[in-house]
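Each chain gets a letter, A, B and so on, in the order its sequence line appears, and its residues count up from 1.
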Number of protein chains: 2
Amino acid sequence: MEQHRLDAFQVIADPSRRQMLYLLSKDSLTINSLADNFDMSRPAVSKHIKVLYNAGFISIQDIGRERHCILKQEGFNELHKWLEYFDAFWGSKLKNLEALLNERTNKK
Amino acid sequence: MEQHRLDAFQVIADPSRRQMLYLLSKDSLTINSLADNFDMSRPAVSKHIKVLYNAGFISIQDIGRERHCILKQEGFNELHKWLEYFDAFWGSKLKNLEALLNERTNKK
DNA sequence: AATTTGCGTAACTCAGAAGTTACATATACA
DNA sequence: TGTATATGTAACTTCTGAGTTACGCAAATT
C-alpha cells in the first residue's frame with residue numbers, strides 16, 4: 001500500500017490530525033465516532049488514524065469489529081525534545097548574552 | 001507572488017527548515033551562509049527563509065546588501081502552547097485515572 | 001442464512017509545497 | 001563607471017499528501 005510513514009512533525013502538520021488528537025484527549029473513540037466529527041469520508045479518517053498509529057500518537061484496541069483509538073504519549077516525545085532544545089536556547093541568559101555579543105561583533 | 005503563508009506546524013514539518021532553525025540557534029547567518037549548509041539552490045533557501053519569517057520564527061536585519069537572519073521566539077509560541085496542552089493531559093494523575101475509568105466503562 | 005455494520009484497501013484525482021532556472025535589482029568594490 | 005556580490009521573484013516542473021469512490025471482508029444482528 002501507500003507509504004504513510006510520516007514523521008512526528010509531518011503528522012501534526014495536518015489540522016485534521018491535530019483535531020483528532022484533541023478529540024482523543026477527551027475520550028477514546030472508534031474510527032466511525034471520530035469520523036462523525038469531520039467533513040470527510042470515513043476512509044479518509046481511517047488513513048489519518050493509520051498515520052497517527054504508525055507515528056506512535058495513538059494505540060488501537062480492537063473490540064469485535066470496532067477499533068478503539070487511545071491517545072499515546074510516545075509520538076509526542078520527539079516534538080517535546082525538539083521544543084525543549086529551543087526552550088533551553090531562549091531560557092539561558094548566557095545564550096542571550098552570547099546572541100547580543102554576536103549581534104555586535106559578527107558583522108565582518 | 002506565491003502564498004507561502006504556512007502555519008507554525010507546517011513550517012516545522014520541513015526538515016530543511018528545522019535544520020535552518022538549528023543553525024540559527026548557533027549563530028545568526030545571512031541567506032548565503034545559510035545556503036552553504038544545504039544541497040539546494042540559493043533561491044530555494046530564500047523561500048524557506050521567507051516562510052520562517054512570515055511565521056515569526058526569525059527576524060531579519062538588513063545590513064547593506066546582506067540579510068542577517070536571527071532566531072525569534074514568537075513562532076515557537078503556538079507549538080509550545082499546543083504541546084503544553086497534551087503535557088497537561090499526560091501529567092495529570094486525575095486524567096490518567098479518568099482514562100483508566102473510560103477504558104473500563106466505555107465499552108458499550 | 002441473509003443482512004447490516006465497522007472497517008481496511010486499491011485506484012484514482014487534485015492541489016499545493018518544494019525544487020529548479022532565468023532574470024531583475026541594489027549594494028559594494030575596483 | 002563597470003563589475004562582482006547578495007538577494008528577491010517569476011515561471012515552470014515534479015512529487016506527494018489528502019481527498020474521493022468502489023469494493024472486500026469479518027463481526028454482529030435478524
Given atom [atom1] of [X] and atom [atom2] of [N], what is their separation to the nearest angstrom?
X       : N      : atom1 : atom2 : answer
B/Asp39 : C/dA18 : CG    : P     : 17 Å
A/Gln10 : C/dG16 : CD    : P     : 18 Å
A/Arg42 : D/dG24 : CZ    : P     : 15 Å
B/Lys50 : D/dG8  : NZ    : C1'   : 7 Å
B/Leu52 : C/dA17 : CG    : C1'   : 14 Å
A/Asp62 : C/dC7  : CG    : C1'   : 10 Å
B/Ile49 : D/dG8  : CD1   : P     : 8 Å
B/Asn54 : C/dA17 : CG    : C1'   : 15 Å

Taking the side chain of [X] as its heavy atoms from C-beta onward, which of [options] lies nearest to it?
X       : options                : result
A/Ser41 : C/dT20, D/dT21, C/dA18 : D/dT21
B/Arg67 : C/dT21, C/dC7, D/dT7   : D/dT7
B/Leu6  : C/dG8, D/dT9, C/dA17   : C/dA17
A/Met40 : D/dT7, D/dT20, C/dC7   : D/dT20

Quiz prompt | From CA spacing to verdict: side chain to side chain contact (heavy atoms under 4.5 Å, CB included), B/Phe86, A/Leu71 | solution = CA-CA 10 Å; B/Phe86 289 100; A/Leu71 211 57; 3.9 Å; yes
Self-check item: DNA chain C-proximal residues of residues 11-23 of chain B, any heavy atom under 4.0 Å
Solution: B/Asp14, B/Arg17
Quiz item: Side chain of B/Lys47, base of C/dT20: donor and acceptor closer than 3.5 Å?
Solution: yes
Quiz item: Taking A/Cys69 as the fixed residue, which of A/Leu29, A/Thr30, A/Ile31 is the one that meets the side-chain contact (heavy atoms from CB on, under 4.5 Å) rule?
Solution: A/Ile31
Quiz item: Knowing that exactly one of B/Val51, B/Leu52, B/Asn37, B/Asp14 qualifies, which makes a side-chain contact (heavy atoms from CB on, under 4.5 Å) with B/Met20?
Solution: B/Leu52
Practice problem: Assess whether atom CZ of B/Phe38 is packed by more than 12 heavy atoms of other residues, nucleotides or ligands within 6.0 Å. | Solution: yes
Quiz item: For atom CG of A/Asp62, is the number of surrounding heavy atoms from other residues, nucleotides or ligands below 6.0 Å larger than 12?
Solution: yes
Side-chain contact test, heavy atoms from C-beta onward, threshold under 4.5 Å: evaluate it for [X] versus [Y] and give yes or no.
X       : Y       : result
A/Asp87 : B/Phe76 : no
A/Ile58 : A/Leu21 : yes
B/Ile49 : B/Val45 : yes
A/Lys81 : A/Asn77 : no

Answer yes or no: does a side-chain N or O of [X] lie under 4.0 Å from OP1 or OP2 of [N]?
X       : N      : value
A/Ser46 : C/dG8  : yes
A/His48 : D/dG17 : no
B/Asn32 : D/dT7  : yes

Practice problem: Could I get the full list of side chain to side chain contact (heavy atoms under 4.5 Å, CB included) partners for A/Phe9, not counting sequence neighbours? | Solution: A/Asp7, A/Glu78, A/Leu79, A/Trp82, B/Ile12, B/Arg18
Tabulate atom names and distances for all N/O pairs under 3.5 angstrom spanning the protein and nucleotides 28-30 of chain C.
from	atom 1	to	atom 2	distance (Å)
C/dA28	O4'	B/Arg65	NH1	3.4

